[in-house]
> 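Please find one structure pasted underneath; my questions will follow.
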Amino acid sequence: MNGIIINSSNIRVDFNSSSLLGSGYLNPYTGILISGSSNITLRGDGSVGHFDTGVLINNSKNVNISNMNFTGNKVSVMVINSSEISITNNYLYTNTVGIKFHNVNSSFISTNSFDSNDI
């Protein structure tokens, strides 16, 4: 099933080396869904893996993802209709797709490591 749903603003999730693991990327579930929100931070040397989509950001603003590991997802991070997205210092490995952006403004991807992703 889906992991965490964030539909409020001003939320910080610090993984503190914890993992959020799904039942495999062939199932239609999302690890973290951020929808209609702003000022969201995901960070902390944790892992999100084995989901169809690791993190889905939709219609949101000012979302920061840093120092995370993404593994075994169909898509690690998908961003749709959003702005001011920052994806930095993450390790994305053995996913089908690392990062997908659709209709995204004023955002950046910086100093991430991509390893053994299909696309």
> Should Met68 and Phe114 be counted in the same cluster of Ile, Leu, Val, Met, Phe, Trp and Tyr side chains packed under 4.5 Å apart?
yes

> Hydrophobic clustering (ILVMFWY, side-chain heavy atoms < 4.5 Å, transitive) - are Phe15 and Tyr93 grouped together?
no

> Do Ser60 and Ser37 pair up side chain to side chain, a donor and an acceptor below 3.5 Å, judged on atom types alone?
no

> Is Ile80 linked to Val55 within one hydrophobic cluster, defined over Ile, Leu, Val, Met, Phe, Trp and Tyr using a side-chain heavy-atom separation of less than 4.5 Å?
no

> Without swapping roles, check the side chain of Asn27 against the backbone of Tyr29 for a donor-acceptor pair under 3.5 Å.
no

> Distance-only check: which donor-acceptor pairs under 3.5 Å involve side-chain atoms of residues 39-52, not counting sequence neighbours?
from: Asn39; atom 1: OD1; to: Asn62; atom 2: ND2; distance (Å): 2.5
from: Asn39; atom 1: ND2; to: Asn10; atom 2: OD1; distance (Å): 3.0
from: Asp45; atom 1: OD2; to: Ser17; atom 2: OG; distance (Å): 3.4

> What is the distance from atom NZ of Lys74 to atom OG1 of Thr53, rounded to the nearest 0.5 Å?
8.0 Å

> Would you confirm whether Asn112, through its side chain, and Ser110, through its main-chain N or O, come within 3.5 Å as a donor-acceptor pair?
yes

> Return yes if some donor-acceptor pair links the side-chain N/O of Asn90 with the main-chain N/O of Ile65 below 3.5 Å, else return no.
yes

> Calculate, to the nearest 0.5 Å, the distance between atoms CD and OG belonging to Glu84 and Ser107 respectively.
7.5 Å

> How close do Ser76 and Gly98 get, heavy atom to heavy atom, and via which atoms?
CB-O, 3.0 Å

> Would Thr94 and Thr71 count as a side chain to side chain donor-acceptor pair (under 3.5 Å) if you check the C-alpha gap in whole Å, the side-chain angles of each, and the deciding distance to 0.1 Å?
CA-CA 6 Å; Thr94 64; Thr71 184; 2.8 Å; yes

> Hey, any chance Ile109 and Ile34 share a hydrophobic cluster, counting ILVMFWY side chains that come within less than 4.5 Å of each other, even indirectly?
yes

> Out of Ile57, Asn58, Asn103, Ile99, which one pairs with Val79 under the side-chain contact (heavy atoms from CB on, under 4.5 Å) rule?
Ile57

> Val77 vs Ile87, test: side-chain contact (heavy atoms from CB on, under 4.5 Å). Steps then yes/no.
CA-CA 9 Å; Val77 180; Ile87 302 173; 3.8 Å; yes

> Same hydrophobic cluster for Val13 and Leu92, using side-chain heavy-atom links shorter than 4.5 Å among ILVMFWY?
yes

> Using modelled atom types and a 3.5 Å cut-off, is there a donor and acceptor pairing between side-chain atoms of Ser86 and backbone atoms of Asn64?
no

> With sequence neighbours excluded, what pairs up with Asn117 under the side-chain hydrogen bond (donor to acceptor under 3.5 Å, both in side chains) test?
Asn95

> For Thr111, what residues pass the side-chain contact (heavy atoms from CB on, under 4.5 Å) criterion, not counting sequence neighbours?
Thr88, Asn89

